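Some notes on the structure that comes next.
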Amino acid sequence: MEKIDNLDRRILEIIMSNARIPSKDVAGACGVSRAAIHQRIQRMMDLKVITGSSYNVDPKTLGYTTCTFIGVNLERGAMYRDVVPELNKIPEIVECHFTTGPYTMLIKLYARDNEHLMELLNSKIQRIPGVTGTETLISLDHSINREVPVEYEFNA
């Protein structure tokens, strides 16, 4: 991967804190032209340093009041490739990770309430071939949501 420099890191720091900041403001903070900002952002997208842009929507405003993490165990870890497409068919699942530790996979989902959560578990997730067990952890509060810190390289 091509290396990013301190200007790229400064741009990332700014746009990660406010994705809707105008390019002219980023340019002003960085001391470069708007064109340079556009070129740098496009280059970082091409390099897959920036992998997308989106708006964050509070699931509660859409009626999804229960945030849940579910540890999933599979018959064999290699079944992960077969199970993921099935999990992907469940729109309430927002994240899926292949993990080490007590679970083969860890998924995050939003449910309208506990009854909806039970339906998702019993009628969908646990019926996927290869799923041998689940453990459900309901989130009581969400305290931190951020990206990884942008660190600068200083050449002396």
Side-chain angles (χ1 to χ4, degrees), residues 1-4 8-23 25-26 29-30 37-38 40-153:
M1 180 172 125
E2 191 174 319
K3 199 172 183 182
I4 62 172
D8 293 328
R9 292 173 189 279
R10 177 70 178 128
I11 293 167
L12 286 172
E13 182 180 52
I14 294 167
I15 65 175
M16 283 170 48
S17 66
N18 179 4
R20 292 188 277 188
I21 188 169
S23 295
D25 294 349
V26 178
C30 294
I37 296 301
H38 285 290
R40 292 287 184 130
I41 290 174
Q42 185 58 54
R43 185 175 135 274
M44 287 189 281
M45 290 170 70
D46 293 343
L47 291 171
K48 306 246 185 285
V49 173
I50 298 172
T51 57
S53 61
S54 64
Y55 291 102
N56 296 323
V57 177
D58 183 352
K60 289 178 185 175
T61 65
L62 301 176
Y64 294 91
T65 59
T66 304
C67 176
T68 309
F69 296 89
I70 301 171
V72 178
N73 286 311
L74 304 179
E75 276 178 44
R76 295 180 322 278
M79 296 184 83
Y80 173 74
R81 287 179 178 81
D82 299 322
V83 172
V84 169
E86 296 304 310
L87 292 171
N88 199 38
K89 294 176 185 175
I90 304 169
E92 293 88 350
I93 295 176
V94 297
E95 289 184 28
C96 177
H97 303 266
F98 188 49
T99 62
T100 62
Y103 312 114
T104 311
M105 304 166 69
L106 186 64
I107 60 176
K108 179 181 177 181
L109 68 78
Y110 287 96
R112 290 185 299 275
D113 51 33
N114 287 349
E115 186 177 330
H116 183 215
L117 173 59
M118 192 166 77
E119 176 189 329
L120 291 169
L121 283 165
N122 295 339
S123 301
K124 295 189 178 184
I125 297 168
Q126 293 173 348
R127 290 184 184 241
I128 296 171
V131 172
T132 60
T134 60
E135 184 172 348
T136 305
L137 305 152
I138 295 175
S139 172
L140 300 176
D141 191 19
H142 180 182
S143 304
I144 299 173
N145 185 22
R146 62 180 169 212
E147 298 293 327
V148 296
V150 177
E151 296 178 1
Y152 297 94
E153 295 177 14

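None of these values were measured; they are calculated from a predicted model.
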Looking at [X] and [Y], what are the two nearest heavy atoms and their distance?
X    : Y    : result
M44  : D8   : SD-CB, 3.6 Å
V131 : Q126 : CG1-CA, 4.2 Å
L74  : M79  : CD1-C, 4.0 Å
A111 : L120 : CB-CD1, 4.3 Å
T99  : M105 : OG1-N, 3.8 Å
Y103 : E135 : OH-OE1, 2.7 Å

Original post:
Sub-3.5 Å donor-acceptor pair from the side chain of T65 to the main-chain atoms of R112, do we have one?
Top reply: yes

Original post:
Under 3.5 Å, side chain of H142 to main-chain N/O of I144, donor-acceptor pair present?
Top reply: yes

Roughly how far apart are [X] [atom1] and [Y] [atom2], rounded to 0.5 Å?
X    : Y    : atom1 : atom2 : value
N18  : I15  : CG    : CD1   : 10.0 Å
R76  : T104 : CZ    : OG1   : 11.0 Å
E147 : L12  : CD    : CG    : 10.0 Å
D113 : Y64  : CG    : OH    : 11.0 Å
L137 : L106 : CG    : CG    : 8.0 Å
I107 : I125 : CD1   : CD1   : 4.0 Å

Subject >> Flag if over 12 foreign heavy atoms under 6.0 Å of CE, M16 >> reply: yes

**OP:** For F69 and E95, run side chain to side chain contact (heavy atoms under 4.5 Å, CB included): C-alpha distance rounded to whole Å, both residues' side-chain angles, the deciding distance at 0.1 Å, then the answer.
**Re:** CA-CA 9 Å; F69 296 89; E95 289 184 28; 5.7 Å; no

Subject >> Side chain proximity check, L109 to I90, heavy atoms < 4.5 angstrom >> reply: no

**OP:** For the residue pair P129 and D82, establish whether any side-chain heavy-atom pair is separated by less than 4.5 Å.
**Re:**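 No, their side chains stay 4.5 Å or more apart.
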
**OP:** Test I41 against S23 for side chain to side chain contact (heavy atoms under 4.5 Å, CB included), laying out the working first.
**Re:** CA-CA 10 Å; I41 290 174; S23 295; 5.5 Å; no

Original post:
Does the side chain to side chain contact (heavy atoms under 4.5 Å, CB included) test come out yes or no for N114 and I138, once each step is laid out?
Top reply: CA-CA 10 Å; N114 287 349; I138 295 175; 3.9 Å; yes

